Amino acid sequence: MKTQLAASSILSLLSIFLPLHAAETTLVSDSPASNASALVPTAGNGGNGLSTAEWTNVASPPNAASWISGTTGVGYETSPSSGTSYSALLGLDLRAQMQNRSTTSYIRVPFTVDAPTLASSQGLFLDMKYDDGFIAYLNGVRVTAANAPAQPGPSSAASSNNSDSRALQFEQFDLSSFLPLLNPGANMLAIHGLNDGSGSSDFLIVPRLIASDATPPVWPNLQLGAAVTSANSPVDLINAGDGSGRLFIVERGGRIRIWDGRVQRTFLDIGSRVNTNDSGGDERGLLGLAFPPDYSTKGHFYVNYISNATSPRGATVISRFSVNRANPNDALEASEEVLLVISQPEPNHNGGQIHFGPDGYLYIGMGDGGGAGDVHGSIGNGQATNTFLGKMLRIDVEGTPDPGSNYAIPSDNPFLLDPEVPDEIWSFGLRNPWRWSFDRKTGDMYIADVGQYEWEEVNFIPASSTGGENFQWRRIEGFNTFNAGTQITKGTSTDPVFEYDHNAGSSITGGYVYRGQEHPRMEGIYFFGDYNSGRIWGLQQDPSGNWIDRHLLLTSLRISSFGEDERGNLYVASLFGAIHRLSDTRGENYLQVTSASFTPAGEARIGFGAEIGKQYQLQFSTDLQSWNDIGRARESIAFESELTATLPGLAPTEAYFRVVELAD
């Protein structure tokens, strides 16, 4: 029997070669504003009785005469002179219809798409300015939402508030998977606008819809799964890079545990030396661990902890410990060499993460000394030139120490020639870089800096950097002014690449860029989360170099740290103890035939790489033109799946088989 095997999918796959510059077509514009009509649904205007299909499709709704015409944006503003006023954006004012009356408005924005644009489009993106929530429909199909209730209706309100300053910035939503909904000619973008209360002082909906000819970034269907192990208040997860496959779990109380994938054992216990006062807002403890390059030969490592010693009690300590040469799973507590001690004025904002960079130097992330608002001194520690606090430090702990010191200063540190700045400083203006990391492939640095009252941020420093960045705290929080009177003192003002406000979370926990082999859709994405909300995001650059983010998972974890093993697998830890491995629903063999067998009686058995939760159907053909289902469709429950079926009737001389992934 002659057979042909093919795995095919209705899903578009990421092209290997991407254009350097994407051509974009604006389908719905914000400038000039697109035509729109709106309705605040009531019993009197017939809006309460409308079905979703009746007002979200191209066809006019049955009560079309009751709709108000204008342009986007839609909403109202009661304080036109405020610094965050929406007045200049309003093309369709609904104050008379909404304020103190309703929290819902229906909005219809018609647009057209020509055939060439439809044929060339690979990506579709909805940019939204909104206060406070919305549900978006494209030609009658719900495509995305924000701060929306589970069961929306004509009197629904937003489930959460979006701040005025945040609402004035476009937030992007990737609709690329809904491209097939677009029609040549007339189309309808319909938006269910949601306010958080009828007495609200303002409301805003401003959409912008853009089609792109560039293949959009690929995102995983991120999975958490069951906990793989647990620990007592884990705050760091580190591998030694020694080929052992061990994961080292740093416990806040002063222990480091080794997990080999099966069991745990204690590697180091310095609990008696570590300050772990659990009073409110206390962030002390054993906070960081770093292994030098060629650790397996050198046999020593470094830790960052808050001292329990009486002098100076509560200080940051950077120490080196040695490993028992007779037992690589046993560190020697008595071998401690203290390299650096930094006094801390408060119990919080200690930073804690330490890493060796691609250059072999040790980087130390320091918080601003704690309290609230960095009120230390006249300009705060973030901008002060006489302290290590609020800085990223860079020192050489593996070379010959400088005279009178426990370490050396790298000869290319950026402030060596500035007598006002300590030589150890690499960058200024950090509030609390609790968890940060290097991309193991590119050497780029990602710093997640915990915010004050409103904004959390991610800073990106390319591997080509020579240092000297100033991340602008306390003058700036995220992209927003926090203390206008604070001057930037040294270095180059550097904005973050991503921020989120405290509706989404209020204490960012930095993570890692995925460089493993098992989950191709996770490749190159920076994963990070929030301690308080349990959310996990992904962040990556599109082909044009723009930063694109996506909320990937909502967990119940108190996310204290992420970790990376030697193979590049990523883990996330909860301060309450559980440690989970992050994964995707697709594996490395997705849509590849992995095995096949056939019998003269016409039975086919085909193994293939699948996606968990997707349905697959085996099909056959005798001429490669017409295809027929054979056997039953099957839902995959693993990365590898198998379909088995027998051809009906007598087996033909030649037959061809393929596996098709069915649409959701």
Side-chain angles (χ1 to χ4, degrees), residues 12 15 18-38 55-58 67 69-75 86-92 105-131 134-146 162 166-193 204-219 479 498 540-550:
S12 59
S15 173
L18 297 174
L20 294 178
H21 299 286
E24 295 182 344
T25 301
T26 300
L27 304 179
V28 172
S29 176
D30 66 309
S31 181
S34 297
N35 291 329
S37 60
W55 70 270
T56 60
N57 279 291
V58 172
W67 288 64
S69 297
T71 60
T72 58
V74 177
Y86 304 151
S87 295
L89 300 175
L90 297 178
L92 205 165
S105 69
Y106 294 161
I107 302 161
R108 290 167 51 85
V109 186
F111 65 97
T112 60
V113 184
D114 58 42
T117 298
L118 194 61
S120 64
S121 293
Q122 299 294 318
L124 185 65
F125 302 93
L126 176 64
D127 296 336
M128 288 290 298
K129 295 179 180 180
Y130 63 95
D131 184 356
F134 72 91
I135 305 167
Y137 300 86
L138 186 58
N139 292 330
V141 177
R142 177 171 169 160
V143 291
T144 192
N162 198 25
R166 180 72 172 176
L168 289 170
Q169 305 175 40
F170 274 118
E171 182 177 347
Q172 188 170 88
F173 299 83
D174 187 352
L175 307 185
S176 301
S177 61
F178 296 101
L179 267 171
L181 296 177
L182 290 179
N183 301 311
N187 292 266
M188 181 61 64
L189 173 65
I191 297 173
H192 186 164
L204 182 67
I205 296 291
V206 180
R208 185 171 63 190
L209 188 64
I210 297 173
S212 171
D213 67 357
T215 304
V218 173
W219 296 99
F479 292 100
F498 175 72
Q540 62 177 312
Q541 289 180 284
D542 69 13
S544 298
N546 301 310
W547 288 96
I548 306 296
D549 66 275
R550 176 168 288 189

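Remember, predicted model here, so these are calculated numbers, not experimental data.
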Any non-hydrogen side-chain atom of Thr144 less than 4.5 Å from a side-chain atom of Leu175?
yes
Non-hydrogen atoms of Gln540 and Val218 that approach each other most closely:
NE2-O, 3.0 Å
Backbone N or O of Ser29 within a donor-acceptor pair of the Thr26 side chain at under 3.5 Å?
no
How long is the straight-line distance from OG of Ser176 back to CZ of Phe125, given to the nearest 0.5 Å?
4.0 Å
Are any of the side-chain heavy atoms of Pro216 and Asp542 separated by less than 4.5 Å?
no
Answer yes or no: is there a side-chain heavy-atom contact under 4.5 Å between Ile548 and Asp174?
no
Polar side-chain atom of Ser120 near backbone of Pro116 as donor-acceptor pair, under 3.5 Å
yes
Using 0.5 Å steps for rounding, measure from the CG atom of Asp213 to the OG1 atom of Thr215.
8.5 Å
Between the side chain of Asp131 and the main-chain N/O of Ala167, is any donor-acceptor distance below 3.5 Å?
no
Check Leu92 against Ala36 and note the closest heavy-atom contact, atom names and distance.
CD1-O, 3.9 Å
For a 4.5 angstrom cut-off between non-hydrogen side-chain atoms, does Tyr137 reach Leu189?
no
Are Val74 and Leu90 side-chain neighbours, meaning at least one heavy-atom pair lies under 4.5 Å?
no
Determine the minimum heavy-atom distance between Ser34 and Val109, stating which atoms define it.
CB-CG1, 4.1 Å
Does Asn139 use its side chain to pair, donor to acceptor, with the backbone of Asn187 at less than 3.5 Å?
no
Rounded at 0.5 Å granularity, tell me how far OG1 in Thr56 sits from NE2 in His192.
11.5 Å
Give the intermediate values and the outcome of side-chain contact (heavy atoms from CB on, under 4.5 Å) for residues Leu209 and Phe111.
CA-CA 10 Å; Leu209 188 64; Phe111 65 97; 3.6 Å; yes
Tightest non-hydrogen contact, residues Gly123 and Leu179, listed as N-CD1, 3.7 Å
Does any non-hydrogen side-chain atom of Val58 lie less than 4.5 Å from one of Met188?
yes
Dump the intermediate steps for side-chain contact (heavy atoms from CB on, under 4.5 Å) on Arg142 and Ile135, then the final yes or no.
CA-CA 7 Å; Arg142 177 171 169 160; Ile135 305 167; 3.7 Å; yes
For residues Leu89 and Leu204, determine if any side-chain heavy atom of one lies less than 4.5 Å from a side-chain heavy atom of the other.
yes
Which class fits the ring pair Trp55 and Tyr106: parallel under 30°, tilted 30 to 60°, perpendicular over 60°?
parallel
Go through the steps to decide whether Phe498 and Phe479 satisfy the test side-chain contact (heavy atoms from CB on, under 4.5 Å), and finish with yes or no.
CA-CA 9 Å; Phe498 175 72; Phe479 292 100; over 6 Å; no
Could you give the distance from CG (Leu138) to CG (Leu182), rounded to the nearest 0.5 Å?
5.5 Å
Does the gap between the ring centers of Tyr130 and Phe170 come in under 6.0 Å?
no
How close do Thr112 and Ala186 get, heavy atom to heavy atom, and via which atoms?
CG2-CA, 4.4 Å
Nearest-0.5 Å distance, CD1 of residue Ile205 to OG of residue Ser105
6.0 Å
Begin from the C-alpha positions of Ile210 and Thr25 and carry the test side-chain contact (heavy atoms from CB on, under 4.5 Å) through to its verdict.
CA-CA 6 Å; Ile210 297 173; Thr25 301; over 6 Å; no
Heavy atoms, side chains only, cut-off 4.5 Å: are Met128 and Val206 in contact?
no
Please list all pairs meeting salt bridge (charged side-chain N to carboxylate O under 4.0 Å, His left out) that have one or both residues in residues 107-129, counting only residues at least two apart or in different chains.
Asp127-Arg208
